[in-house]
Amino acid sequence: MNKKTIIRTFEKIALYMELLGENPFKVGAFRKAANVLELDPRSLSEMDDILKLKGIGKGTGAVIIDLLEKGESDLLKELEIEVPSGLIPLLRIPGLGGKKIAKLREALGIDSLDSLRAACESHEVSKVPGFGKKTEEKLLQEIELLGTKKGKLPVWQIETIVKSIEAEMRGISEIIRFSVAGSFRRAKEESSDVDFIIVTDEPSVVREKLLEVLPIEETVAGGDAKLSVVLDMADLVDADFRFVTEAQFATALHHFTGSKDHNVRMRQIAKSKGMKISEYGVETEDGTVKTFDSEKEFFAYFDLPFIPPSLRMDGREIDRADEIAGLVTLEDIRGDFHMHTTWSDGGYSIREMVEACRKKGYSHMVITDHTHYLKVANGLTPERIRNQISEIRKLNEEYDDIEIFCGTEMDILPDGRLDFEDDLLQELDFVIASIHSNFNQSQEQIMERLHAAISNPYVNIIAHPTGRIIGQRDGYNPDVPQLIEWAKQYNKILELNGNPHRFDLAIEYLEIAQKADVKIAINTDAHAIDQLEHMGIGVKYAQKAWLKKETVVNTWPLEKFIREIIRK
DNA sequence: TGTGGGCGCACATTTGCCGTTTGCGGCAA
């Protein structure tokens with residue numbers, strides 16, 4: 001018997017009880033028991049007090065004893081007999097929950113998708129109290145659609161969708177202001193929908209205009225408080241628009257940014273003080289509703305610092321609020337150290353990239369075009385990069401407000417050699433090494449390549465260390481903890497590639513790296529000027545790993561950057 | 001069903017919108 005089995009047993013019991021239309025708190029008690037075990041870091045053999053855990057009581061404890069003594073649970077066995085297995089897929093039908101399924105089963109003996117479909121077609125469902133004609137029609141539709149439902153979309157796809165919706169909203173004059181909310185605002189790697197808060201005095205006008213200008217596949221719901229639609233934008237995507245007044249904006253933005261767990265924690269705090277948080281404000285004990293000019297003021301009202309959206313996760317961020325002041329922010333960023341120009345596969349000249357970085361207020365930057373192995377990217381030969389170096393040096397003399405360093409993003413070749421010889425690397429200020437080929441090699445071969453790069457004295461940083469593309473490919477599967485150890489050993493930087501396609505390293509590895517005192521560079525890897533903006537979302541992603549300012553080398557002043565990295 | 005506070009009974013992770021039906025389930029952050 002292991003912990004996983006116990007956890008899965010609890011979850012199954014909860015699921016079956018839900019299908020029986022059991023008391024939701026009873027169902028919840030089994031889910032909670034599963035959760036308690038999951039959150040406990042100890043293995044089963046280390047838990048001598050398992051029956052004494054908070055959340056495990058008489059009923060749930062009996063299940064554990066059953067499992068430990070007999071390897072199976074009597075309760076689950078009974079439920080499995082009582083609940084037809086065909087019922088389980090019914091929970092996936094939007095609009096059907098445990099209670100409605102139980103009702104249908106009791107009234108019509110529904111025990112599978114097929115019997116439900118038949119009951120809808122013979123119009124028996126609409127005769128059941130609580131169900132009507134519309135529900136019956138909708139159920140039939142949903143049954144046909146089952147399985148074709150859209151999954152989660154990667155953040156880079158969501159970003160495109162958000163931008164295009166925002167462009168449409170700017171054209172609606174009745175919209176006073178708006179903001180994206182939801183999981184995209186929290187910089188999640190994947191989202192299942194997009195959420196917007198809209199300030200307007202004329203919600204119904206805005207609603208109708210949105211329905212006109214957006215590529216609507218389906219209108220799910222639409223009132224004066226919200227509009228829910230399915231949009232047809234390359235992929236199908238759910239979109240929610242919430243209409244609020246200016247005064248409600250801050251609390252609405254907070255509420256619809258989530259996460260749900262974060263909101264629940266905040267509301268618990270309010271409740272313990274006799275107050276009530278909703279998206280419309282904070283209701284105090286005397287019944288008056290207080291609103292706020294900003295999320296910052298809202299948090300301050302509960303004696304909390306501003307918690308950045310990206311940190312609003314499982315609620316535990318509230319317990320760590322005093323650490324927030326030390327985390328990296330976009331304002332701390334002084335430079336971007338990975339970008340491409342027309343010399344390789346970038347879209348803009350060196351000068352144009354420099355001007356763009358100046359506009360961002362950076363004090364320094366590094367030009368890092370590809371090297372000649374990467375033919376598709378027009379990688380630079382030794383001769384061309386020497387020309388580029390002299391061009392950059394000349395250009396650098398024109399500016400006294402930004403320092404332009406000569407760098408490269410050098411390929412680590414499939415056989416473990418590096419694309420440039422040491423004597424050439426020596427002439428550069430900053431060397432990024434990265435893998436762009438032969439992803440299917442064994443982990444051993446990949447690690448040999450990475451070791452060759454990270455142990456080279458002229459290499460400063462390993463870029464996008466796993467090669468993953470979110471929602472598309474897993475990368476080349478390096479042993480990242482080992483790579484982090486090497487980074488520590490050779491005093492090298494690892495990259496957090498801020499391009500939303502990558503977010504590489506991922507959160508869990510960033511946390512390990514920071515613990516090991518390995519420095520991180522957040523880079524945009526920009527191939528065009530507008531991609532320099534990805535520093536913002538890159539920093540948000542870094543915050544999710546609780547990266548401190550001093551961990552991130554982009555926050556270092558120019559002098560420190562030169563002293564510790566360029567001329568170390 | 002579990003916990004807490006008191007041995008029987010609340011309250012449980014919060015709050016509000018919409019659709020469909022006319023009280024409430026499902027859903028969302």
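Chain A is the first sequence line, chain B the second, and so forth, proteins listed ahead of strands; every chain is numbered from 1. In this text, all values refer to a predicted model and were calculated from it rather than measured experimentally.
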In terms of side-chain geometry, is the basic nitrogen of [X] or [Y] positioned less than 4.0 Å from the acidic oxygen of its partner?
| X | Y | answer |
| --- | --- | --- |
| A:K99 | A:E22 | no |
| A:K548 | A:E511 | no |
| A:R316 | A:D319 | no |
| A:K152 | A:E189 | no |
| A:K209 | A:E168 | no |

Between [X] and [N], does any side-chain N or O lie under 4.0 Å from OP1 or OP2?
| X | N | value |
| --- | --- | --- |
| A:K54 | B:dG4 | yes |
| A:T135 | B:dT20 | no |
| A:Y280 | B:dC17 | yes |

Select one nucleotide: of [options], the one nearest the side-chain heavy atoms of [X].
| X | options | result |
| --- | --- | --- |
| A:A221 | B:dC17, B:dT15, B:dC18 | B:dC18 |
| A:R267 | B:dT15, B:dA29, B:dG25 | B:dT15 |
| A:K260 | B:dA28, B:dT13, B:dC27 | B:dT13 |
| A:K99 | B:dA29, B:dT14, B:dG25 | B:dG25 |
| A:K100 | B:dT14, B:dT1, B:dG26 | B:dG26 |

Counting the atoms with a prime plus P, OP1 and OP2 as sugar-phosphate, which does [X] contact under 4.0 Å by heavy atoms, base, sugar-phosphate, or nothing?
| X | result |
| --- | --- |
| A:D224 | sugar-phosphate |
| A:E22 | nothing |
| A:T257 | sugar-phosphate |
| A:G130 | sugar-phosphate |
| A:I197 | nothing |
| A:G222 | sugar-phosphate |
| A:R185 | nothing |

Could you state the [atom1]-[atom2] distance from [X] to [N], rounded to the nearest angstrom?
| X | N | atom1 | atom2 | value |
| --- | --- | --- | --- | --- |
| A:F256 | B:dA28 | CZ | P | 12 Å |
| A:L51 | B:dT3 | CG | C1' | 16 Å |
| A:R242 | B:dC27 | CZ | P | 15 Å |
| A:L20 | B:dT1 | CG | C1' | 15 Å |
| A:R31 | B:dG2 | CZ | C1' | 16 Å |
| A:L91 | B:dC27 | CG | P | 9 Å |
| A:K138 | B:dG25 | NZ | P | 16 Å |

Quick one, A:F131 and A:K100 - any side-chain contact, counting heavy atoms below 4.5 Å?
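Side chain of A:F131 against side chain of A:K100, heavy atoms only: contact under 4.5 Å found.
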Is there a side-chain contact between A:V229 and A:V220, using heavy atoms and a 4.5 Å cut-off?
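When only atoms from C-beta onward are counted, A:V220 and A:V229 do not touch, as no gap falls below 4.5 Å.
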Restricting both atoms to N or O, compile the protein contacts to nucleotides 9-12 of chain B shorter than 3.5 Å, with distance only.
from	atom 1	to	atom 2	distance (Å)
B:dA12	OP1	A:K271	NZ	3.1

Rounding to the closest angstrom, what is the interatomic distance between [N] and [M] at atom [atom1]?
| N | M | atom1 | value |
| --- | --- | --- | --- |
| B:dT13 | B:dT1 | C1' | 16 Å |
| B:dA12 | B:dT22 | P | 28 Å |
| B:dG23 | B:dG16 | C1' | 16 Å |
| B:dT20 | B:dA10 | P | 36 Å |
| B:dG2 | B:dG6 | C1' | 16 Å |

Please confirm whether A:R265 makes a cation-pi placement over A:F302, using NZ or CZ under 6.0 Å from the six-membered ring centre and within 45° of the ring normal.
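So A:R265 doesn't make the cation-pi contact.
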Is the cationic atom of A:R177 (NZ for Lys, CZ for Arg) positioned less than 6.0 Å from the six-membered ring centroid of A:F249 and within 45 degrees of its normal?
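Geometry flag: set, cation within 6.0 Å and 45°.
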Can A:F292 and A:H254 be said to form a ring pair (Phe, Tyr, Trp, His ring centres under 6.0 Å), step by step?
CA-CA 11 Å; A:F292 302 88; A:H254 175 264; 9.9 Å; no
Select from A:G95 and A:P129 the residue whose nearest nucleotide in DNA chain B is closer to the 5' end of that strand.
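This one resolves to A:P129.
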Whichever of A:I93 and A:G132 has its nearest DNA chain B nucleotide further upstream toward 5'
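Per heavy-atom nearest nucleotide, the more 5' residue is A:G132.
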Keeping to residues at least two apart or across chains, list the salt bridge (charged side-chain N to carboxylate O under 4.0 Å, His left out) pairs with something in residues 76-90 of chain A.
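Qualifying pairs: A:E72-A:K77.
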If only atom types and distance count, is the side chain of A:E136 paired as donor or acceptor with the main-chain N or O of A:G132 below 3.5 Å?
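It does not hold such a pair.
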Given Watson-Crick or G-U pairs with both distances under 3.5 Å, what dot-bracket string fits DNA chain B, with | for other-strand pairs and [ ] for crossing?
((((....)))).((((((....))))))
